[in-house]
Amino acid sequence: MSTTLIPEPDDAQISVVPRRSVWRHLRRDPQAVATAIILIVLFLAGLLSPLISPHDPNAASLDAINLPTGTPGYLLGGDESGRDILSRLLYSFQTATVSALIGASVALAIGVIAGLVGGYFGTAVRSSTEWLFNLIMTFPGLITLIVLLPLTHGDYRWTMLVLGVLMSPGTYRIVRNLVLGVKKELYIDAAKVSGLGDVRILARHVLFAVRGPIIVNTAFLMGSAIAAQSGLAFLGVGAKDVPSFGLMIYSGFNNIYASPLQFVWPCISLGIFTGCLVLFGNSLRDAFSGPRIKRQKPAQGLRLVTSAIPTSVVTATVERDDEPMLAIEDLGISFPGTTGAREVVKGVSLTVDQGEVVGLVGESGSGKTQTAFAVLGVLAPEARVTRGSVRLEGRELVGLSESALRSLRGRVVSYIPQEPMSNLDPSFTVGSQLTERVRHTLRVSRRAARQTVLDLLARVEIPDPPRVFRSYPHQISGGMAQRVLIAGAVACRPRLLIADEPTTALDVTVQAEILDLLRDLQKEFGMAILLVTHNFGVVADICDRIAVMRGGEIVETGVTREVFRAPRHAYTRGLLDAILDEGAPAGGDASTVGAGR
Ligand SMILES: Nc1ncnc2c1ncn2[C@@H]1O[C@H](COP(=O)(O)OP(=O)(O)OP(=O)(O)O)[C@@H](O)[C@H]1O
């Protein structure tokens, strides 16, 4: 076992500054506090209007016609029909509140769910949702609401329900566009590779990532619902016995020369209500987006993923002594191109035995990652496996259903990607993300999962595991992040670990430590490793065997030391010469070349 240098914890790197909670952030935002207080008062006024209104809002009295503001018993005066303006305002707040809640809830429920599904899943689903919402958008909003009056019977609550449906395309488009961006994030791929299901990924990672704009949009939807209800009432559409700002504005407008204040009160109330909603929505968005995160330099970042398998699952896996851990035979992968399908992996054959470490080496674009993705079952949707087979412990993976593949990912095969930082969800703490994966794969309690994660963090030699557990990804260094990802990858003792350029994003010192850690864990757990890299130095350091890839084909395979000593293929010789030129000691010995990693 090689010696691993463990750096002292560096506060600048792993300092755990607990992220301010949304609540705390809001309390410190004067705009949020002021608008929240006003909204609470207005909501309460509407809610309690039957109790606190001095008069029945529809009760007319001849004595109260056009009473001026400040008249005893009629604080804001009487309207042209002799009804108490204050009482009608209080009831109008109730109408507005109910309108906002119904309209926004319906629009959100439909728009968010459809947006998540439409943005996350493939083209067919997206086209269907797109078509449906385009259809909804063809209906002219206000006219549709008026035409549907016979159905809604003039009840503003049913009208708001229909309005919610009509407003849902806006929410759908916002959410769909956000999801299209978020689903390309590496931490989403990481979650998939770790075995999490689509519903869980959507509900936790994707929805959480897009929540800010949805919240702001909610405030806008509520304001729109209130404005629409008021507008319809102003036009005289709907029941006349339900007090609302629209009805009051209409009545005040008719009486504007005799008593201008009758017009002013509902206008001011409506303006304050909708204005506060929008301003509070902005504050909420800021609070949810949290403190501005200063991204670390890519070179220090780390990312990873994945999981492993509970002992019970491992035991249940069909294990055949005569089968290698991984057997790839004549694998072909193609992508659609402008002049037809382009084959990027051309008949690759490769085996990895139980407990063996195999390096898949080659220049950028040679097809290493696509080969690894085929094993994980996470090829891009447009990719096609044109031929060959991929067997994991004897089980054919090509053609296996997504759910069957998911049960293997994070249980039998784990993955460590290239960029550690990007593979951790910035919205959640390290501990939360690892605990989620451990709970998912091991089916243990939150408490047990937490302890498992803390033990793992200690095992991957992270100083002060509790602090890192509580940290967000931006609060740890790239080296730390890679250790975190490795901890996640080996959490359930996978049989095969696929490491895709696990040290590329790290500086040289940290690269050495990570390779040492991988080697130690491989020996301790007896797992096989397929190490994807372009760096012969890394291969020399850790691999038992090497497969050299070029242009989608394997051009040479062999025991590491022998390939280094006597490379048969000119391309292998070229790659070796390249690293020797870069300063590694000459001599062709694998161990010495490893110093060049
Ligand atoms: N989604 C895609 N659509 C079209 N071509 C793709 C796609 N993904 C990868 N390719 C192509 O497949 C080929 C092999 O890519 P692959 O990622 O396996 O390379 P690699 O050897 O892992 O190199 P690197 O280390 O740079 O990722 C490349 O030519 C690449 O352009």
Side-chain angles (χ1 to χ4, degrees), residues 120-123 126 180-181 183-186 188-190 192-193 298-299 301-305 326 328 330-350 352 358-388 390 397-398 413 415-423 482 485 497-506 511 514-515 529-539 542-543 546-557 569 571-572 574-575 578-579 582 597:
Y120 186 76
F121 293 106
T123 316
R126 187 155 56 254
L180 282 173
K183 80 170 186 180
K184 291 182 190 148
E185 292 290 340
L186 293 171
I188 298 295
D189 291 340
K192 278 186 201 164
V193 174
L302 141 112
R303 86 192 192 177
L304 146 68
V305 178
L326 173 69
I328 302 175
D330 192 29
L331 178 68
I333 300 171
S334 70
F335 284 97
T338 45
T339 54
R342 186 169 66 97
E343 203 169 37
V344 297
V345 173
K346 305 167 184 169
V348 162
S349 295
L350 174 72
V352 181
V358 174
L360 189 56
V361 201
E363 65 194 1
S364 183
S366 55
K368 308 181 297 290
T369 300
Q370 300 311 313
T371 304
F373 281 1
V375 178
L376 292 159
V378 294
L379 285 167
E382 62 270 29
R384 290 282 168 271
V385 175
T386 51
R387 57 185 151 133
V390 178
L397 301 185
V398 176
V413 55
Y415 178 62
I416 304 175
Q418 275 183 32
E419 298 163 27
M421 276 304 182
S422 315
N423 277 272
Q482 193 61 296
L485 291 177
L497 179 67
I498 296 181
D500 189 354
E501 307 272 13
T503 57
T504 301
L506 308 174
Q511 284 180 12
I514 294 298
L515 284 179
I529 296 181
L530 179 63
L531 184 69
V532 175
T533 181
H534 65 277
N535 189 333
F536 257 109
V538 170
V539 169
I542 190 173
C543 295
I546 300 179
V548 182
M549 255 188 112
R550 184 192 192 188
E553 295 172 5
I554 301 243
V555 295
E556 178 165 1
T557 58
H569 197 280
Y571 177 65
T572 315
L575 284 177
I579 63 161
E582 280 171 14
R597 76 198 149 193

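Just so you know, ligand 1 is whichever comes first in the structure, and atom 1 is the first atom listed for that ligand.
For E553 (side chain) and V345 (main-chain N/O), no donor-acceptor pair under 3.5 Å exists by modelled atom type. At least one donor-acceptor pair under 3.5 Å links the side chain of R126 to the backbone N or O of F121. In this structure a side-chain-to-backbone donor-acceptor pair under 3.5 Å is present from K368 to G362. A donor-acceptor contact shorter than 3.5 Å links the side chain of T386 to the backbone of G332.
In terms of protein heavy-atom proximity, atom 12 (O) of ligand 1 is closest to V344 CG1, 3.3 Å. At the top of the distance list for atom 23 (O) of ligand 1, counting protein heavy atoms only, stands G365 N, 2.8 Å. In terms of protein heavy-atom proximity, atom 9 (C) of ligand 1 is closest to Q370 NE2, 3.4 Å. Protein heavy atom closest to atom 25 (O) of ligand 1, with residue, atom name and distance, is K368 NZ, 3.7 Å. Scanning the protein heavy atoms around atom 30 (C) of ligand 1, the nearest turns out to be R342 NH2, 4.2 Å.
Among the atoms of F335, none of the N or O lies under 3.5 angstrom from an N or O of ligand 1.
Counting atoms of ligand 1 from 1 in the listed order, those under 4.0 Å from a heavy atom of E363 are 21 (O). Atoms of ligand 1 found under 4.0 Å from any heavy atom of S364 (numbered from 1 in listed order, with element): 23 (O), 24 (P), 26 (O).
Nearest-heavy-atom check against atom 1 (N) of ligand 1 across M549, E382, E501 picks out E382.
Between the OH atom of Y120 and the CD1 atom of I188 there is a distance of 6.5 Å, given to the nearest 0.5 Å.
Residue T369 touches ligand 1 through backbone and side chain together, judged by heavy-atom distances below 4.0 Å. The residue H534 has no part lying near ligand 1, judged by heavy-atom distances below 4.0 Å.
A salt bridge is absent between E343 and R384; no separation between the charged side-chain nitrogens and carboxylate oxygens falls under 4.0 Å.
At least one side-chain heavy atom of L376 sits under 4.5 Å from a side-chain heavy atom of I498.
Proximity of G362 to ligand 1 is not established, as no heavy-atom distance is less than 4.0 Å.
With 3.5 Å as the limit, one finds no donor-acceptor pair spanning the side chains of D330 and S349.
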